[in-house]
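Only heavy atoms go into these numbers, but all of them, side chains included; no hydrogens, no water, no symmetry mates. Quick note on labels: first sequence line is chain A, next is B, and so on, each numbered from 1.
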2 protein chains.
Amino acid sequence: MHISSRQDRLHAFMEACRRQNLKITPQRIAVYKALMDNTRHPSADDVFQRVRKDFPRISFDTVNRTLLTFTEAGLIHILETPGGPRRFDPDTSSHHHFHCIRCGRIIDFCHDLYDKLELPEEMEKEFRILKKTVVITGYCDRCRGSESAS
Amino acid sequence: MHISSRQDRLHAFMEACRRQNLKITPQRIAVYKALMDNTRHPSADDVFQRVRKDFPRISFDTVNRTLLTFTEAGLIHILETPGGPRRFDPDTSSHHHFHCIRCGRIIDFCHDLYDKLELPEEMEKEFRILKKTVVITGYCDRCRGSESAS
DNA sequence: GTGATTGCAAACCTTTTGCACGCCA
DNA sequence: TGGCGTGCAAAAGGTTTGCAATCAC
């Protein structure tokens with residue numbers, strides 16, 4: 001959970017960069033700050049638009065590549081989506097997702113039981129697991145009425 | 001599981017179309033047949049390439065739209081992927097996925113316990129649920145060695 | 001006959017790639 | 001200084017849209 005302050009998180013971020021031999025550049029800091037502000041599920045472009053406000057000269061590519069770098073470093077996650085632009089998730093704590101197949105909304109939810117699910121034994125042996133999420137798909141409250149009205 | 005014959009499944013498909021007021025066109029039949037053959041996780045283009053063999057005059061758009069139509073009708077599912085082209089899943093029985101974040105492989109697995117997971121009560125009340133999947137992300141057996149070699 | 005479906009083509013959007021320059025360590 | 005990181009621009013890849021012609025019912 002996000003009990004740590006902005007400063008603490010920024011500090012931890014820089015530590016993580018050092019640990020992974022990632023150079024600490026103004027651009028990376030700007031991207032990370034934007035991610036801390038945005039608790040939703042931003043696309044690369046969403047992040048770009050936000051970072052731009054404080055860092056007008058940054059390029060989209062830098063933002064996009066930075067996001068991929070952060071993902072490889074485990075600082076953020078890539079969301080599982082039903083197609084469409086890639087979405088990132090700055091929240092790396094265990095949580096789960098609901099996807100509306102009509103409006104595309106992704107709704108986070110927490111669920112202790114799901115968090116505690118054990119991984120299949122063989123998989124744990126053979127693979128290196130980073131994340132486990134329950135994804136529920138359907139029509140959200142706003143869309144469930146219109147489902148047959150196609 | 002797929003104990004029913006090709007003929008049975010085709011028949012069930014046509015029944016489903018009638019039930020949903022979908023016209024039974026040669027194109028839709030061709031797409032459905034291609035899906036029955038392909039047990040992997042095809043993209044729209046994968047399906048297109050396959051259908052083409054038996055139906056050279058079909059257009060990509062028709063295939064793509066047909067897949068979306070089938071999804072809305074609940075005949076197939078859209079896979080949750082970390083970006084990239086949309087993938088479809090002709091297997092609508094309960095199963096779960098592992099995603100390798102390095103090579104992009106999607107591996108199906110079955111897991112009774114995961115199948116039996118109960119949905120969050122409130123969600124079941126408010127939303128219309130179509131599917132529930134556990135998605136595990138990480139490095140697969142082939143890729144786990146190369147993870148630090150970036 | 002009528003409305004749903006198809007084929008075609010263009011537009012749109014996102015992601016990837018290559019390369020020269022610049023900056024962090 | 002060396003090599004990683006950045007910015008720019010072009011290309012590639014996938015999806016969506018509009019419209020006229022066609023087909024299933």
Quiz item: Can you tell if the side chain of B:V134 reaches within under 4.5 Å of the side chain of A:T133, non-hydrogen atoms only?
Solution: no
Quiz item: Should A:F127 and B:Y139 count as side-chain neighbours, where that means a heavy-atom distance under 4.5 Å?
Solution: no
Self-check item: B:K131/B:E80 salt bridge by N-O under 4.0 Å criterion
Solution: yes
Quiz item: Is the shortest side-chain N/O distance from B:S59 to OP1 or OP2 of C:dG7 below 4.0 Å?
Solution: yes
Self-check item: Ion pair check, B:E15 and B:R18, cut-off under 4.0 Å
Solution: yes
Practice problem: Would you mind reading off the distance between B:Q20 atom CD and C:dA4 atom P, rounded to a whole angstrom? | Solution: 15 Å
Quiz item: Going through the checks in order, is the side chain to side chain donor-acceptor pair (under 3.5 Å) test met by B:S59 and B:T62?
Solution: CA-CA 5 Å; B:S59 74; B:T62 299; 3.0 Å; yes
Quiz item: Going by the angle between their ring planes, with limits at 30° and 60°, are A:H96 and A:F109 parallel, tilted or perpendicular?
Solution: tilted
Quiz item: Among B:D91, B:T92, B:T71, which residue meets the side-chain contact (heavy atoms from CB on, under 4.5 Å) test with B:H77?
Solution: B:T92
Protein-nucleic acid N or O pairs under 3.5 Å, nucleotides 20-25 of chain C:
residue: C:dC24; atom: O2; partner: A:K23; partner atom: NZ; Å: 3.4
residue: C:dA25; atom: OP1; partner: A:I24; partner atom: N; Å: 3.1

Quiz item: To the nearest angstrom, how far is A:F48 atom CZ from C:dT14 atom C1'?
Solution: 13 Å
Quiz item: Looking at the side chain of A:R86, which of C:dT16, C:dT5, C:dA9 is the nearest nucleotide?
Solution: C:dT16
Exercise. Measure from CG on B:L67 to C1' on C:dT5 and round the result to the nearest Å.
Key: 15 Å
Exercise. Give the rounded distance in Å between these two atoms: CG of A:N64 and P of C:dC13.
Key: 17 Å
Practice problem: Just call it for B:R65: base, sugar-phosphate, or nothing, with non-hydrogen atoms closer than 4.0 Å on any strand. | Solution: base
Self-check item: Salt-bridge contact A:R6-A:D37 (side-chain N to carboxylate O under 4.0 Å)
Solution: yes
Quiz prompt | Interface limits on DNA chain D, where chain B has a heavy atom under 4.0 Å of a nucleotide atom | solution = D:dG14 to D:dC25
Quiz prompt | Rounded distance in Å - CG (B:N21) to C1' (C:dT2) | solution = 15 Å
Quiz item: Which sits closer to the 5' end of DNA chain D, A:F55 or A:G84, going by the nucleotide each is nearest to?
Solution: A:F55
Quiz prompt | Gap between atoms CG and P, on A:L68 and C:dT15 respectively (whole Å) | solution = 9 Å
Practice problem: Quick one: label A:D45 by what it contacts on the DNA or RNA (base, sugar-phosphate, nothing), any heavy atom closer than 4.0 Å. | Solution: nothing
Quiz item: Is it true that A:D141 and A:R105 have a side-chain N and a carboxylate O under 4.0 angstrom from each other?
Solution: yes
